[in-house]
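All figures in this text were calculated on a predicted structure; none of them were measured in a lab. Just so we're on the same page: letters track the sequence lines, and every chain starts at 1.
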2 protein chains.
Amino acid sequence: MFRIASYEEFHDGQVIIQEGTHGDWIYVVEEGFVEVSKKVQGRQIVVAVLSKGEVFGELAFISGVPRTATVKAIGETTVGVIDKDYFTKEYNKLPADFRQIFTTVSVRLKKMTDVFIANYSGKE
Amino acid sequence: MFRIASYEEFHDGQVIIQEGTHGDWIYVVEEGFVEVSKKVQGRQIVVAVLSKGEVFGELAFISGVPRTATVKAIGETTVGVIDKDYFTKEYNKLPADFRQIFTTVSVRLKKMTDVFIANYSGKE
């Protein structure tokens with residue numbers, strides 16, 4: 001599995017990633033749940049809830065953009081911070097086609113989220 | 001890059017993948033564009049437009065579900081059908097953590113699309 005650099009614990013409602021900030025750590029939910037949300041016209045819109053084994057923060061790693069969403073703990077939550085150097089080394093060893101497919105799917109997830117948000121806010 | 005089993009050409013509006021059918025071929029856009037849409041209350045809602053190098057159909061491969069969207073050619077379009085046996089062999093060689101992250105992101109894309117559709121239809 002992933003090589004985990006450290007484990008971090010969060011209480012209910014604590015922010016793990018803040019939308020718009022810079023950072024490219026990738027996380028995996030170890031215990032509990034996290035809520036992924038985006039700010040739309042002053043409101044936080046929840047776009048996903050992730051549970052044990054699910055990974056988040058990968059988009060900033062892949063595409064170098066600022067954090068595209070806020071991630072908060074739901075209840076007592078433990079996340080593993082994936083060892084970035086090790087991950088990068090392993091990632092670069094992947095066959096080019098798998099890196100491409102992974103990038104494609106990540107970018108499509110971002111686009112789909114943007115479409116959802118645009119549609120959502122457009123209807124308010 | 002991908003090992004392509006065959007190339008297929010489509011005219012404007014021709015269906016490449018039909019939502020709800022079974023099949024787990026993965027495609028890559030070689031030339032032109034494709035439109036990804038889902039049926040909501042009798043209407044086709046476009047959820048993405050993909051261009052050269054972008055991959056589609058990967059979700060059915062990964063999770064074994066029926067096709068979750070319809071994909072149509074926009075204009076004259078050529079797609080490559082990825083050699084499934086080779087892809088499967090290479091996929092199974094990936095480190096388990098990358099298979100997991102890839103699955104996570106694919107499933108999140110599906111969930112996000114579902115949320116978009118639910119929100120969309122809920123507001124009609």
Side-chain angles (χ1 to χ4, degrees), chain A residues 1-4 26-29 36 38 40 45-59 61-62 69 80 82-83 86-87 89-124, chain B residues 1-4 26-29 36 38 40 45-59 61-62 69 80 82-83 86-87 89-124:
Chain A
M1 298 309 296
F2 301 110
R3 185 177 291 184
I4 303 295
I26 303 176
Y27 302 83
V28 58
V29 180
V36 183
K38 285 179 75 81
V40 184
I45 309 300
V46 176
V47 296
V49 172
L50 309 179
S51 56
K52 188 176 168 63
E54 290 195 285
V55 168
F56 59 96
E58 76 293 333
L59 191 64
F61 172 84
I62 289 167
I82 294 174
D83 183 321
Y86 181 74
F87 187 88
K89 211 174 65 187
E90 293 295 307
Y91 184 77
N92 289 334
K93 276 193 229 161
L94 295 182
D97 49 0
F98 284 104
R99 282 206 303 274
Q100 186 195 345
I101 198 173
F102 183 55
T103 305
T104 296
V105 175
S106 295
V107 170
R108 275 173 59 199
L109 174 59
K110 181 184 181 322
K111 278 189 197 165
M112 189 66 247
T113 307
D114 291 344
V115 167
F116 165 67
I117 291 292
N119 180 68
Y120 193 97
S121 57
K123 301 226 172 175
E124 289 301 294
Chain B
M1 299 307 297
F2 300 108
R3 187 177 290 182
I4 302 295
I26 304 176
Y27 302 83
V28 57
V29 180
V36 184
K38 285 178 76 80
V40 183
I45 307 300
V46 176
V47 296
V49 173
L50 308 179
S51 56
K52 188 178 168 62
E54 290 194 286
V55 169
F56 60 96
E58 77 293 334
L59 192 63
F61 172 84
I62 289 168
I82 294 175
D83 183 321
Y86 181 74
F87 187 88
K89 212 174 63 185
E90 292 296 305
Y91 184 76
N92 289 334
K93 276 194 227 161
L94 295 183
D97 48 1
F98 283 104
R99 282 208 303 273
Q100 186 195 346
I101 198 172
F102 183 53
T103 305
T104 296
V105 174
S106 295
V107 171
R108 275 172 58 198
L109 174 59
K110 179 181 181 323
K111 279 189 197 168
M112 189 67 247
T113 306
D114 292 343
V115 167
F116 165 68
I117 291 293
N119 180 69
Y120 193 96
S121 58
K123 300 226 173 176
E124 286 303 290

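- Interface remark: of the candidates A:Val36, A:Val28, A:Thr113, A:Val107, A:Thr113 forms the most heavy-atom pairs closer than 4.5 Å to chain B.
- In this structure, the separation between CD on B:Glu58 and CZ on A:Arg108 is 4.5 Å, given to the nearest 0.5 Å.
- For the atom pair A:Glu90 CD and B:Asp97 CG, the distance stands at 7.0 Å (nearest 0.5 Å).
- Taking NZ of B:Lys111 as the reference point, atom CD of A:Glu54 lies at 4.0 Å (rounded to 0.5 Å).
- Interface check for chain A: of the options B:Thr103, B:Val105, B:Val47, the most heavy-atom pairs under 4.5 Å are formed by B:Val105.
- Minimum interatomic distance between A:Phe102 and B:Phe102 (heavy atoms only, all atoms of both residues): CD1-CD1, 3.9 Å.
- In this structure, B:Lys52 has no salt bridge (charged side-chain N to carboxylate O under 4.0 Å, His left out) partners at least two apart in sequence or on a different chain.
- Contact check for B:Leu109 versus A:Ser106: no side-chain heavy atoms found under the 4.5 Å cut-off.
- A pairwise comparison of heavy atoms in A:Thr104 and B:Gly53 identifies OG1-O, 4.1 Å as the closest pair.
- Interface summary for chain B: among A:Lys110, A:Arg99, A:Met112, the most heavy-atom pairs under 4.5 angstrom belong to A:Met112.
- In this structure, no portion of B:Ile82 lies under 4.5 Å from any heavy atom of chain A.
- Residue A:Val46 does not touch chain B at all, counting heavy-atom pairs closer than 4.5 Å.
- Looking at A:Ile101, the atoms closer than 4.5 Å to chain B (heavy atoms on both sides) sit in the backbone and in the side chain alike.
- Looking at A:Phe98 and B:Phe98, their side chains never come closer than 4.5 Å, going by heavy atoms from C-beta outward.
- Only the side chain of A:Leu50 comes within contact range of chain B, judged by heavy atoms closer than 4.5 Å.
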